[in-house]
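What you are looking at is a predicted structure, and each value in this text was computed from that prediction instead of being measured. Every chain is numbered from 1 and lettered A, B, ... according to where its sequence line falls, protein lines coming before strand lines.
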There are 2 protein chains.
Amino acid sequence: MAELAKALSHPARIAILKLLAEMDTCICGEIVQELPLAQSTVSQHLKELKACGLVQGEIDGPRSCYCINWDAMKELRDSIGILFTGLERGNRNKCC
Amino acid sequence: MAELAKALSHPARIAILKLLAEMDTCICGEIVQELPLAQSTVSQHLKELKACGLVQGEIDGPRSCYCINWDAMKELRDSIGILFTGLERGNRNKCC
DNA sequence: GATATCAATCGTATATTTACGATATTAGAT
DNA sequence: ATCTAATATCGTAAATATACGATTGATATC
């Protein structure tokens, strides 16, 4: 879980995930155009997102096609959900 | 949001949050006992969790009392939720 | 006031992350 | 076969994160 959270711990990667989530077409280097980062840097972030499973990649001719792995996103949401069980119970603290 | 995610990006901090969420009493140095880390390290993690608002602290005599800030947790859940709108729509990808 | 306890902070060594330019790789176009 | 465009990878510098021991600070107890 910490691993998945780490993927979300950088603004650039969140921006990438948002882009992929919004565009239904799985863009590739269009991401580079949208972000103020070098191509190699974006490629590196995409690699990390792919490594932890949050996105999938497909080599489509000379260009690459990335898209969100919604199953992994579901897992992420569920695992984070554990932390919020207290919210549903309306937990209040004894002190603080 | 990246800032909050970063707080969750380390196993020790997740462990601390879980401890605080489970025990209704706001423990302090008991956390040190539960984790295989030095006191100073735990203190540092607590400081980070406090800095991003996920936990609150109170100095109670010679000891410190920490507890979860449930409002901040709610915000975290909501902000992360943005990424999952596609899940509710049953999003499927065009490719990959 | 001296002492003990709990926790925060400091200093520091090591590891990891981040970003970039340069280079390599791949496949379509000429 | 060559050239071009889109990406991935490599090498590397700078910044940040992590962990620890040592020290400091605060408060209760003797």
For atom [atom1] of [X] and atom [atom2] of [N], their distance in whole Å:
X     : N      : atom1 : atom2 : answer
B:Q44 : D:dA22 : CD    : P     : 17 Å
B:L49 : D:dT18 : CG    : P     : 11 Å
A:E58 : D:dA6  : CD    : C1'   : 16 Å
B:K47 : D:dA19 : NZ    : C1'   : 15 Å
A:L8  : C:dT17 : CG    : C1'   : 16 Å
A:I16 : D:dT7  : CD1   : P     : 13 Å
A:I31 : D:dA6  : CD1   : P     : 14 Å

For this session: For residues A:L19 and A:E34, report the shortest heavy-atom separation together with the two atoms involved.
Result: CD1-CB, 3.7 Å
By the 4.0 Å heavy-atom rule, please label [X] as base, sugar-phosphate, or nothing.
X     : value
A:L37 : sugar-phosphate
B:L46 : nothing
B:E48 : sugar-phosphate

Exercise. Can you find a heavy atom in the side chain of B:Y66 that is under 4.5 Å from one in the side chain of B:K50?
Worked result: yes
Distance test, side-chain N/O of [X] to OP1/OP2 of [N], below 4.0 Å:
X     : N      : answer
B:T41 : D:dC20 : yes
A:H45 : C:dA19 : yes
B:K6  : D:dA17 : yes
A:S43 : D:dT7  : no
A:S40 : C:dA22 : no
B:Y66 : C:dC6  : no
B:R13 : D:dT18 : yes

Problem set entry | Nearest-0.5 Å distance, CG of residue B:L17 to CG of residue B:L8 | 6.5 Å
Problem set entry | Donor/acceptor link under 3.5 angstrom from B:Q39 side chain onto base of C:dA8 | yes
For this session: Using heavy atoms to find the nearest nucleotide of DNA chain C for A:S9 and B:R63 separately, return the residue whose nucleotide is more 5′.
Result: B:R63
Problem set entry | Minimum-distance nucleotide (side-chain atoms of B:H10 versus D:dT7, D:dT18, C:dA8) | D:dT18
Problem set entry | Given A:L49, A:I27, A:I68, A:L37, the one that forms side chain to side chain contact (heavy atoms under 4.5 Å, CB included) with A:I16 | A:L49
For this session: Kindly check if the number of other-residue, nucleotide or ligand heavy atoms within 6.0 Å of CD (A:E3) is above 12?
Result: no
